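Scroll down for the structure; my scribbles are underneath it.
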Amino acid sequence: QVRLVESGGGLVQPGGSLRVSCTASGFTFSSFPMNWYRQAPGKERDWVATITSTGSFTSHSDSVKGRFTISRDNNKNTVYLQMTNLKPEDTAVYFCKLRWGVSDYWGQGTQVTVSS
């Protein structure tokens, strides 16, 4: 059974940094690309970043490019999102996602709040 568990969210001041994590189980983690999404109150869930199975290639949305970095540690079955220069508009619940064939699997999300 696929399980994705996000952690590391919290309250941070504008300009600060935070790293959120997603630990996976129930599948061969090192064989799949992984993704981060986020959802702010009253808004749609938006794609943030993707990383290939080995971590050789990454992609980030325009809104976070240059500030956020996706990475992974296949020995720990964990994908990370390092967030720097955080802005209030980054406030959202952050989710990791696995696409396996025709199915998408989501974690429960972790809340990131950027506020002074």
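As the structure is a prediction and not an experimental result, all values here were calculated from the model. One-based numbering along the sequence shown.
Between the side chain of Ser56 and the main chain of Thr54, no donor-acceptor pair closer than 3.5 Å is present. Panel note: side chain Gln111, backbone Gly9; no donor-acceptor pair is recorded below 3.5 Å. A donor-acceptor pair is defined here as one N or O able to donate and one able to accept, closer than 3.5 Å; no such pair exists between the side chain of Gln39 and the backbone of Ala92. Although no hydrogens or angles enter the test, the distance criterion places a donor-acceptor pair under 3.5 Å between the side chain of Thr91 and the main chain of Val114. No donor-acceptor distance shorter than 3.5 angstrom exists from the side chain of Thr52 to the backbone of Pro33, with no hydrogens or angles considered. In this structure a side-chain-to-backbone donor-acceptor pair under 3.5 Å is present from His60 to Ile70.
Shown here for Gln82 and Ser17, the closest heavy-atom pair between the two residues is NE2-CB, 4.1 Å. Closest approach of Gly109 and Val93 over heavy atoms only: CA-CG1, 3.7 Å. Considering every non-hydrogen atom in both Tyr94 and Arg38, the closest pair reads OH-NH1, 2.9 Å. Residues Phe32 and Arg72 share a closest heavy-atom pair of O-NH1, 2.9 Å. The two residues Asp73 and Phe29 come nearest to each other via the heavy atoms O-CE2, 4.2 Å. The nearest pair of heavy atoms linking Ser116 to Pro14 is N-CD, 3.7 Å.
The CG atom of Leu86 sits 6.5 Å away from atom CZ of Arg67, with the distance rounded to the nearest 0.5 Å. Rounding to the nearest 0.5 Å gives a distance of 7.5 Å between CG of Asn77 and OG of Ser30. Here the straight-line distance linking atom OG1 of Thr110 with atom CG of Leu18 works out to 8.0 Å at 0.5 Å rounding. In this structure, Asp104 CG and Arg99 CZ are separated by 4.0 Å, a value rounded to the nearest 0.5 Å. Glu6 CD to Cys96 SG: the interatomic distance, rounded to the nearest 0.5 Å, is 4.0 Å. With rounding to the nearest 0.5 angstrom, the CG atom of Leu81 is 10.5 Å from the SG atom of Cys22.
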Apply side chain to side chain contact (heavy atoms under 4.5 Å, CB included) to the pair Leu98 and Met34, showing each step before the final yes or no. CA-CA 6 Å; Leu98 164 70; Met34 292 296 296; 4.1 Å; yes

Intermediate values then yes/no, side chain to side chain contact (heavy atoms under 4.5 Å, CB included), Val112 and Met83: CA-CA 10 Å; Val112 173; Met83 302 178 287; 3.9 Å; yes

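Taken together through direct or relayed side-chain contacts under 4.5 Å among Ile, Leu, Val, Met, Phe, Trp and Tyr, Trp100 and Trp36 form part of one hydrophobic cluster. Linking ILVMFWY residues whenever their side-chain heavy atoms come closer than 4.5 Å, directly or via other members, leaves Val48 and Phe95 in distinct clusters. Residues Leu4 and Tyr37 are members of separate hydrophobic clusters, defined by side-chain heavy-atom contacts under 4.5 angstrom among Ile, Leu, Val, Met, Phe, Trp and Tyr. If you chain together hydrophobic residues whose side chains sit under 4.5 Å apart, Val5 and Val79 never meet in one group.
When each of Trp47, Tyr105, Trp106 is tested with Lys97 by the rule side-chain contact (heavy atoms from CB on, under 4.5 Å), just one qualifies, namely Trp106.
Using modelled atom types and a 3.5 Å distance limit, the side chains of Thr50 and Asn35 yield a donor-acceptor pair. Side-chain atoms of Thr113 and Ser115 include no donor-acceptor pair closer than 3.5 Å.
With Tyr80 as the aromatic partner, Arg19 meets the cation-pi criteria of under 6.0 angstrom to the ring centre and within 45 degrees of the ring axis.
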